[in-house]
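This report refers to the structure that appears directly beneath it.
Keep in mind that the numbers below use all heavy atoms, side chains included, and drop hydrogens, waters and symmetry copies. Model, not experiment: these values are computed from the prediction.
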Amino acid sequence: MEELNLFSRRDFLGKGSAALGLSSALWSGGCESFYELINNRPTRRNIQELSLSDPIIKTYTNAVAAMKKLPASDPRSWQGQANIHFNKCTHSNWLWLPWHRVYLLYFESICRKLTGDTKFALPYWNWTTHPAVPDAFWNTSSPLYNLTRVASQTDQADPSYIGAGVIQNILNEPNFDLFASKPPLTSDLHSPGLSTTGPLEATPHNNIHGFVGGDMGAFHSPLDAVFWTHHCMLDCLWAHWNMDLGNANTNDPAWVNFAIKDFVDENGSPVTFDVGFTPLLPLTLYQYEPCSLMQGGGQSKITQNKKTLEKFLRDGAPSKLEFVRRFESREPLTAEVGKPVTRAIKVEAGALRDVLEGGPRNRAVLTIADVDIPEKRDFFVRVFAGKPGILADTSIDDPRYAGSFGFFFDETMQMSHAPEPGGTGRPRTGFLVDLTSTLRKLNQAGSLSPEELDVSFVAVPYGQRAATGHLTLQRLELGVARF
């Protein structure tokens, strides 16, 4: 038997036992029983591949029904769990992935406790292969139904933010700060305007929240049962990015040593969970059915040896981007839904050479800074780079397409987070778009200008909605970075 050095007995009892409903009795069977539990850990499956009568759907339905019967004052209740997200969730920084991983873990343990199904694992919604809200959430008599949704049962999420090529480009991102969002700028982790959002969060995460709408569109989103399956998919992609593709999380002590203290276990007792332990969870406490169309393709050699994989996940790697050149445009830009706008960024000749000719550790990063969060968030934004001429219906198959972003924000936060001076009076946020692959394709085609880069934005409504909002941003920066 191949043994892992995953954690000491004290580590496990302090950080993992609540999620599995275990106690010190676990150790009475010795290490063999312990590793048998790991090898047989629950599997999170694709919800769209389950029949409506599948035991997983039944347990999930029964768990939600039981939570809804608990008093709202009980943190394990349906309202209590949503209140945790509303009051304490962290977004727009590199803690959002581990925070939500722990959130899912303890929510899952509450489901097991309330239903008695000790092997239950949350299903995930693979929006890349099934872009409509799954059928299990549309029975109006089911606790899984939420009447506030704006999306209908037949509406489909746009390929701009969940298409296979878009998700693969995000998974191809080798740097943790770009993949997972940058470090927070202050200790207030609840504001989306205090850091800069990376592509996994800005693109599928934010846009699925906006696409579903209703409760899902704001910070009480866990009131919709779709929420948990959406975040399971994101968590699966993070696990795939680490464990199959061999990309390292940051080893920055500010990330590794951060203690999450916002959750309760299945008994309602407060728990503390160190972020540095979270990368090991899909290796120890649960596992996923493959959630990526590219699962296994280009699989890292580290997955062939569990001890090596464990060490890789524990150790992480430096992730800080070193910006060696920066080029800015500080002229404010406003785009209305359906009307593309373009801004040129002046670039010194030869400044992009390392990006165009270098390896994966050389990146061209577009920072879309000081974006006024729109009052109406019924649209998302497509980003193109290269020669102008972008139209409202320009395809994402166009080589100039670089990515997209959406807004996930709660209006009630406006009173506690003052807007930036000199803007529209709205709170602000920022986004990162990695232009590396786009610029390399344009360069190979001979269509990249050596002296300026045109960046275009198209605000696109979700589905068939009659969106009328607009986007205002104050600053663009093209950065030449390495890590």
Checklist entry - Once the angle between the rings of Phe176 and Trp241 is folded into 0 to 90°, is it parallel (under 30°), tilted (30 to 60°) or perpendicular (over 60°)? => result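 Rings of Phe176 and Trp241: tilted, as their planes differ by 30° to 60°.
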
Can you measure from [atom1] ([X]) to [atom2] ([Y]) and round to the nearest 0.5 angstrom?
{"X": "Leu439", "Y": "Leu453", "atom1": "CG", "atom2": "CG", "result": "6.0 Å"}
{"X": "Glu328", "Y": "Thr367", "atom1": "CD", "atom2": "OG1", "result": "9.0 Å"}
{"X": "Leu97", "Y": "His231", "atom1": "CG", "atom2": "NE2", "result": "9.5 Å"}
{"X": "Leu313", "Y": "Met243", "atom1": "CG", "atom2": "CE", "result": "6.0 Å"}

If only atom types and distance count, is the side chain of [X] paired as donor or acceptor with the main-chain N or O of [Y] below 3.5 Å?
{"X": "Glu201", "Y": "Ser92", "value": "yes"}
{"X": "Arg101", "Y": "Trp96", "value": "no"}
{"X": "Arg41", "Y": "Pro282", "value": "yes"}
{"X": "Thr128", "Y": "Ala164", "value": "no"}
{"X": "Tyr288", "Y": "Cys232", "value": "yes"}
{"X": "Thr203", "Y": "Leu200", "value": "no"}
{"X": "Asp274", "Y": "Gly276", "value": "no"}
{"X": "Trp125", "Y": "His130", "value": "yes"}
{"X": "Ser181", "Y": "Gly198", "value": "yes"}
{"X": "Ser395", "Y": "Asp397", "value": "yes"}

Item to check | side chain to side chain contact (heavy atoms under 4.5 Å, CB included) between Val480 and Phe323, worked out | outcome: CA-CA 6 Å; Val480 178; Phe323 284 87; over 6 Å; no

Minimum-distance pair of heavy atoms, taken over all atoms of [X] and [Y]:
{"X": "Asn207", "Y": "Gly406", "value": "OD1-CA, 3.3 Å"}
{"X": "Glu173", "Y": "Leu178", "value": "OE2-CD1, 3.3 Å"}
{"X": "Asp158", "Y": "Phe380", "value": "CG-CZ, 3.8 Å"}

[X]/[Y] aromatic ring centres below 6.0 Å:
{"X": "Phe379", "Y": "Tyr462", "value": "no"}
{"X": "Phe107", "Y": "Tyr103", "value": "no"}
{"X": "His209", "Y": "His91", "value": "no"}
{"X": "Phe409", "Y": "Phe219", "value": "no"}
{"X": "Phe263", "Y": "Trp99", "value": "yes"}

Next on the checklist: Hydrogens and angles aside, do Ser319 and Asp177 bring a side-chain donor and acceptor to less than 3.5 Å of each other?
Outcome noted: yes

Checklist entry - Of Trp228, Phe227, Phe86, which is the lone residue that meets side chain to side chain contact (heavy atoms under 4.5 Å, CB included) with Ser221? => result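 Going through Trp228, Phe227, Phe86 one by one, the side chain to side chain contact (heavy atoms under 4.5 Å, CB included) with Ser221 is satisfied by Phe227 alone.
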
Checklist entry - Does Tyr286 have Arg44 sitting over its ring (NZ/CZ under 6.0 Å from centre, angle to axis within 45°)? => result yes

List the atom pairs, with distances to 0.1 Å, where a side-chain N or O of residues 345-362 and a protein N or O form a donor-acceptor pair under 3.5 Å, not counting sequence neighbours.
| from | atom 1 | to | atom 2 | distance (Å) |
| --- | --- | --- | --- | --- |
| Lys346 | NZ | Glu452 | OE1 | 2.8 |
| Glu348 | OE1 | Arg325 | NH2 | 2.2 |
| Arg361 | NH1 | Phe483 | O | 3.4 |

